[in-house]
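So the structure is just underneath, and the comments pick up after that.
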Amino acid sequence: MTAPTATAAQTATALAWARRRSSVARFWRSYRTHRAGLFGLGALAVIALVALAAPLLVGSDVQSVTNAPGAALESPSAEFPLGTDQFGRSLLGLLVWGARISLTVGLMAAALSVAIGTLVGIVAGHFGGWFSTVIMRITDWFLVMPTLVLAIVLATVMSRSVWTVILAIGVTTWPTTARLVRAQTLAVESRPYIERATALGGGHGHIMTRHVLPNVMPLVLAQTTLGISNAILTEATLAFLGLGDPDVVSWGGMLQDAREAGAVSSGHWWYLAPPGIAIALVALAFTLCGRAVESVLNPKLGVSNR
C-alpha cells in the first residue's frame, strides 16, 4: 500500500469514527430530554452496579444454608433489614446476589431472541417469494402459541440450568421481532440505493449486511430494551414454577422458596415483597428505557418526554 493510499484509508476511518461519535452525541442529547427514560437508565445503572459488586457487598457465602447467620423467617430488624428466609439467610443478601442471575438471564435471553428474530426477518424480507411465505408461516405458528407454555415445555425436557432458561426464553420470544424486522426490511429494499447496489454487483450478503442491517438496527435496539423486561419476567415465572436452576439464587427462585415455605398463608410478607418489587422495578426501568429509545430513534411515534 502506497503512502497516499494509506493516508486516504486513515482519513476515511477517522471520518467514520467522527460520524459515529456525532451520532452517539445526538442520540444522547435527544435521550436526556426524556425524563422517564433517564429515571429508568439511572435505576438500571444502580441495580447493575449493585449486582456487579455483590461479591464485595454480601459475599458468596450468603447462599450457604449450613452457615446461615440468623433464625428461620425472622422479621426485618437492624441486623437483617429485610428479614431472613426459611433457612435463616439474609433476604437482603439474597436479593443483591439474585440480581446477578436475573439480569444475566434477561440480557442474554433478550439478545438471543432479538438475534434470531433479526436474522429471520431480514432473510424473509430480502428473498421474498415462497421462501418468505414458508418462514413467515412458521413464525406465525410460534406467534400464536403461548410463549410461556413453550418455554415451560423446553425447560421441562432439558436439564435445569441457567442456560436452559436462557435458551427456553430466547427460542420462544423471537417471532414479534421477526415480523417487525421483515416489515422494515421490505421498506428499506424498496429504496433506490438498494437497486443501485444490486446493479453494481452487490450480492445477497452484501445487501443484507451493509445496507439492510444498519437501517433496521434502530428498531432492533429498541426491541432489545423492551424484550429484556419480558425476559426477566419470564425467568421469574419459570423459577417460581420450579423450572429454574436450583443451585443459583434468582428473584423468581426467592418467590418460589417463599411459596414453599408458606409465606403467603403465614403472613411473612417480608419474604415475598422484596423480590417481587425488585422484579417489577427492573421491568419498569427497562420498559421506560425502551420507550425512550424508541422515541429517539423514531420520532414519528410521538412518545411523550415526560
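Under a 4.5 Å side-chain heavy-atom cut-off, the cluster of Ile, Leu, Val, Met, Phe, Trp and Tyr residues that includes Phe87 is completed by Val65.
When hydrophobic clusters are built by joining Ile, Leu, Val, Met, Phe, Trp and Tyr residues whose side-chain heavy atoms come closer than 4.5 Å, directly or via intermediates, Leu284 is not grouped with Leu103. A single hydrophobic cluster is seen to contain both Phe286 and Ile47, as judged by linkage of ILVMFWY side chains at heavy-atom distances under 4.5 Å, directly or through other members. Leu154 and Ile138 fall within the same hydrophobic cluster, defined by Ile, Leu, Val, Met, Phe, Trp and Tyr side-chain heavy atoms under 4.5 Å apart, directly or through other members. Residues Phe142 and Val157 are members of one and the same hydrophobic cluster, defined by side-chain heavy-atom contacts under 4.5 angstrom among Ile, Leu, Val, Met, Phe, Trp and Tyr. Follow the hydrophobic side-chain contacts under 4.5 Å out from Trp174 and you never reach Val144; the two are in separate clusters.
Nearest heavy atom pair, residue Ala222 against residue Glu294, reads CB-CG, 3.9 Å. Heavy-atom minimum distance, Thr173 versus Pro175: C-CD, 3.3 Å. Contact detail for Gly106 and Ile232: the closest heavy-atom pair is CA-CG1, 3.7 Å. For the residue pair His126 and Thr185, the shortest heavy atom distance occurs at N-CG2, 3.9 Å. Looking at every heavy atom in both residues, Asn67 comes nearest to Ser64 through N-OG, 3.2 Å. Of all non-hydrogen atoms in Ala285 and Ala43, the two that sit nearest each other are CB-CB, 4.2 Å.
Judged by distance alone, the side chains of Thr237 and Thr234 never bring a donor and an acceptor atom under 3.5 Å apart.
Every residue meeting the side chain to side chain contact (heavy atoms under 4.5 Å, CB included) condition with Ser22, not counting sequence neighbours, appears here in chain and number order: Arg26. By the side chain to side chain contact (heavy atoms under 4.5 Å, CB included) test, Pro69 is found to be paired with Phe80, residues two or more places apart in sequence or in another chain being considered. With sequence neighbours excluded, the residues that form a side chain to side chain contact (heavy atoms under 4.5 Å, CB included) with Phe131 are Val123, Phe127, Ile135.
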Show which side-chain atoms of residues 269-282 pair as donor or acceptor with protein atoms under 3.5 Å away, not counting sequence neighbours.
from   : atom 1 : to    : atom 2 : distance (Å)
Trp270 : NE1    : Glu74 : O      : 3.0
Tyr271 : OH     : Gln86 : OE1    : 2.2

**Thr225 and Arg291: CA distance, side-chain angles, deciding distance, side chain to side chain contact (heavy atoms under 4.5 Å, CB included) verdict** = CA-CA 8 Å; Thr225 55; Arg291 294 277 292 173; over 6 Å; no
**Request:** Starting from the C-alpha separation in whole Å, work towards a yes-or-no answer on side chain to side chain contact (heavy atoms under 4.5 Å, CB included) for Arg182 and Leu186.
**Result:** CA-CA 6 Å; Arg182 176 179 177 270; Leu186 293 174; 3.9 Å; yes
**Request:** For side chain to side chain contact (heavy atoms under 4.5 Å, CB included), just list the numbers for Ile101 and Trp251, CA-CA rounded to whole Å, side-chain angles, deciding distance to a tenth of an Å, and then say yes or no.
**Result:** CA-CA 8 Å; Ile101 298 299; Trp251 293 337; over 6 Å; no
**Request:** Report the C-alpha separation of Asp85 and Asp257 in whole Å, then their side-chain angles, then the decisive distance to 0.1 Å, and conclude whether the side chain to side chain contact (heavy atoms under 4.5 Å, CB included) test is met.
**Result:** CA-CA 8 Å; Asp85 66 356; Asp257 292 341; 5.7 Å; no
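Although no hydrogens or angles enter the test, the distance criterion places a donor-acceptor pair under 3.5 Å between the side chain of Ser229 and the main chain of Leu226. Side-chain atoms of Ser102 never come within 3.5 Å of backbone atoms of Ala99 as a donor-acceptor pair (strictly under, hydrogens ignored). At distances below 3.5 Å, not a single donor-acceptor pair connects side-chain atoms of Thr164 with backbone N or O atoms of Arg160. Remark: side-chain polar atoms of Ser132 are paired, donor with acceptor, to backbone N or O of Ala124 under 3.5 angstrom.
Other residues, nucleotides and ligands place more than 12 heavy atoms under 6.0 Å from the CZ atom of Arg191. With a 6.0 Å radius and a threshold of 12 heavy atoms from other residues, nucleotides or ligands, Phe39 has its CZ atom at or below the threshold.
In this structure, Leu167 CG and Met108 CE are separated by 11.0 Å, a value rounded to the nearest 0.5 Å. Atom CE of Met208 is separated from atom CD1 of Ile122 by 8.0 Å, given to the nearest 0.5 angstrom. Rounding to the nearest 0.5 angstrom, the gap separating the OG1 atom in Thr147 from the CG atom in Asn230 is 9.0 Å. If you take OG on Ser250 and CG on Leu95, they are separated by 11.0 Å, rounding to the nearest 0.5 Å. Atoms CG and CG, from Leu219 and Asn215 in turn, are 11.0 Å apart once rounded to the nearest 0.5 Å. With values rounded to the nearest 0.5 angstrom, Arg89 atom CZ is found 5.0 Å from Leu94 atom CG.
Side-chain contact between Tyr31 and Cys289 is present, with heavy atoms from C-beta onward closer than 4.5 Å. Leu213 has its side chain within reach of Met217: a pair of non-hydrogen atoms, C-beta onward, lies under 4.5 Å apart.
A cation-pi arrangement is present between Arg100 and Trp97, with the terminal nitrogen or guanidinium carbon under 6.0 Å from the aromatic centre and inside a 45° cone about the axis.
Between His206 and His211, the ring planes lie perpendicular to each other; the angle is over 60°, past the 30° to 60° tilted range.
For residues 224-244, there are no salt bridge (Lys or Arg N to Asp or Glu O under 4.0 Å) pairs, not counting sequence neighbours.
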